[in-house]
Amino acid sequence: MPQAGSEKCLKTSEAEEEGHCMSGLLHCAHLVLPWLTSLELASISLCCKFLNATSKSITLRRILDASRSIENIPIPFHPPINDCPYAFFIYTPTSIIPDHRIERQCWGSISDSQSSHVGSESMNLGGEVSGCDCENCGDFEFQCPCSSLDGLEDVASECGPRCSCGLECENRLTQRGISVRLKISRDEKKGWGLYADELINKGTFICEYAGELLTTGEARRRQKIYDARAKGGCFTSSLLVVREHLPSGNACLRTNIDATWIGNVGRFANHSCDGGNLVTRLVRSTGVMLPRLCFYASRSISKDEELTFSYGDIRVKHDGLKCFCGSSCCLGTLPSENT
C-alpha cells in the first residue's frame, strides 16, 4: 500500500507537469496565433477558454493599430464593431513587386515591430544611375538635382537610394512614413473609410497609396476575378491604375497598384465625386524605376473628417457599383474603366 507522502509527491509532480504544459501552450499560442487570418483566429477561439482569451487579446491589439507598428503613429480601427472589428490585409508602407512567398504577416503579437515589414528594394534601377552628393538638399541657393520636377502640379521628385543624404533629408518627405494621426472607421453604406484624427493643414503629406505593382496583363487578369466577386455584393477591390502622360503628349506611362490583399492605409480612402479633400501626386525618387502615388491635403481638413479623393471621371460600366459619397454632385455610380 502506497504511503500518504508518496501520493502527495505524485500529485505535486503532476501539477508541476501540467503547469509546464500550460506555460508551453501559452508561449506557442502567442507565437502562432498572430500569424492567423481573422477567420482562422475566430475559428480557433472556439476551441477552449484559453485560446478564446488569447484570440481576444490579439484582436484588441489589431484594432489598436492597422499598421502593425510599422508606421510612426498607430492607426486604429475606431470605433470597433463587434461583428467586424477590423479589416484583415497584409501591410506594406510602400509599393512592392508581387512575391508569392508573402502569404502571412504577424499582426497582434505582444511585441509587434518593424520585423513584419514586407517592403522591397527590387524597383531600384541598375547600371550607373547615381544620386546627389549635396551637403544640404534643402539649400535654395544650390538646388538639389533630385528636385528637378518640383513645381509641376501632379509630379514631384525626391532623393533616392544612391544619394549621399539620409532619411532626415528635407527632400525625402514621403519616405519617412505617415506623420499625421489617422483612423479607420466603418460606414453602413460605404464600408471602411479613412478619417483624420487631428486637424490637418493644406498641403500636408498624408500617405502613399501602397500595394503590389502589377504588369498590365496581371492587372487585367486580377480585375476580371475581382469583377466576378463584386457581383455578389460583398467584395470591393483596391486596384488602381495610374496613367502618367509625358510632356510630348505622344506616350503614356501606366502604373498598376493593387492594394486589395497587400497595401497600407491608403487603401481605405474612398471616392468622392466632388474631388474630395485629397490630391494625388506621382513622386519619383532618383534611381528608382517606378513612381509612388502619394496623397496630400488639398485644403485644411478637420478632425473626424473623412479623407476622400476622385477615382476618376470615366464610367464605362452601365451596372457599376453604387456611389455613396454624399456630395452635391454625386453621379450615383463609382468611376470604372476597362483595365
Side-chain angles (χ1 to χ4, degrees), residues 67 70-72 90-99 101-102 114-179 203-219 240-248 250-259 262-264 266 279-296:
S67 78
I70 293 174
E71 299 292 357
N72 303 314
I90 292 179
Y91 199 94
T92 177
T94 191
S95 290
I96 63 170
I97 304 297
D99 187 342
R101 295 171 297 177
I102 304 173
Q114 298 203 17
S115 60
S116 57
H117 192 293
V118 297
S120 170
E121 296 298 329
S122 56
M123 290 183 292
N124 292 354
L125 289 171
E128 299 300 321
V129 179
S130 60
C132 71
D133 56 359
C134 306
E135 292 184 7
N136 179 12
C137 297
D139 191 334
F140 293 104
E141 185 176 352
F142 304 99
Q143 186 178 22
C144 174
C146 297
S147 305
S148 59
L149 299 178
D150 282 2
L152 298 179
E153 184 177 355
D154 300 321
V155 184
S157 57
E158 293 186 344
C159 297
R162 298 191 181 182
C163 295
S164 59
C165 53
L167 197 59
E168 70 283 354
C169 170
E170 293 183 29
N171 198 33
R172 292 182 184 269
L173 172 65
T174 67
Q175 299 172 40
R176 291 195 288 270
I178 297 173
S179 60
T204 300
F205 166 66
I206 305 297
C207 68
E208 178 181 343
Y209 188 90
E212 296 177 278
L213 292 164
L214 308 179
T215 63
T216 297
E218 176 63 13
L240 200 62
V241 178
V242 182
R243 291 179 173 84
E244 182 181 5
H245 297 276
L246 298 183
S248 65
N250 298 324
C252 175
L253 298 179
R254 171 176 168 146
T255 305
N256 309 291
I257 309 172
D258 188 4
I262 300 176
N264 70 340
V279 293
T280 58
R281 297 184 78 183
L282 287 172
V283 179
R284 291 189 172 277
S285 298
T286 302
V288 178
M289 185 182 302
L290 296 173
R292 292 176 296 113
L293 184 66
C294 295
F295 291 129
Y296 298 81

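Only a predicted model underlies this, so the values are computations on that prediction, with no experimental measurement involved.
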Residues which pass side-chain contact (heavy atoms from CB on, under 4.5 Å) with [X], listed by chain and number, not counting sequence neighbours:
{"X": "Val279", "answer": "Tyr296, Ser298"}
{"X": "Arg254", "answer": "Thr216, Ala219, Arg220, Val241, Arg243, Asn256, Thr339"}
{"X": "Thr204", "answer": "Val180, Ile200, Asn201"}
{"X": "Asp133", "answer": "Ser164"}

Distance, nearest 0.5 Å, that separates [atom1] of [X] from [atom2] of [Y]:
{"X": "Glu170", "Y": "Cys137", "atom1": "CD", "atom2": "SG", "answer": "8.5 Å"}
{"X": "Ile206", "Y": "Thr280", "atom1": "CD1", "atom2": "OG1", "answer": "13.0 Å"}
{"X": "Asn264", "Y": "Tyr209", "atom1": "CG", "atom2": "OH", "answer": "8.5 Å"}
{"X": "Arg176", "Y": "Cys169", "atom1": "CZ", "atom2": "SG", "answer": "7.5 Å"}
{"X": "Ile178", "Y": "Ser67", "atom1": "CD1", "atom2": "OG", "answer": "7.0 Å"}
{"X": "Thr92", "Y": "Asp99", "atom1": "OG1", "atom2": "CG", "answer": "11.0 Å"}

Q | Ser157 side chain vs Arg284 backbone, donor-acceptor pair below 3.5 Å | A | no

Q: Could you give me the CA-CA distance, side-chain angles and deciding distance for Leu293 and Leu240, then say whether side chain to side chain contact (heavy atoms under 4.5 Å, CB included) is met?
A: CA-CA 10 Å; Leu293 184 66; Leu240 200 62; 3.4 Å; yes

Q.
Among residues at least two apart in sequence or on other chains, which ones pass ring-ring contact (aromatic ring centres under 6.0 Å, His included) with Phe295?
A. Phe309

**Q.** Beyond-backbone contact of Arg162 with Thr286, side-chain heavy atoms, under 4.5 angstrom
**A.** no

Where do [X] and [Y] come nearest, in terms of heavy atoms and distance?
{"X": "Glu71", "Y": "Gly177", "answer": "OE1-CA, 3.8 Å"}
{"X": "Cys159", "Y": "Arg172", "answer": "O-NH1, 3.6 Å"}
{"X": "Gly266", "Y": "Cys207", "answer": "CA-SG, 3.9 Å"}

Q | side chain to side chain donor-acceptor pair (under 3.5 Å) against Glu208, all qualifying residues, sequence neighbours excluded | A | Thr94, Arg292

Q) Considering residues at least two apart in sequence or located in another chain, which fulfil the salt bridge (charged side-chain N to carboxylate O under 4.0 Å, His left out) criterion with Glu218? A) Arg221, Arg222

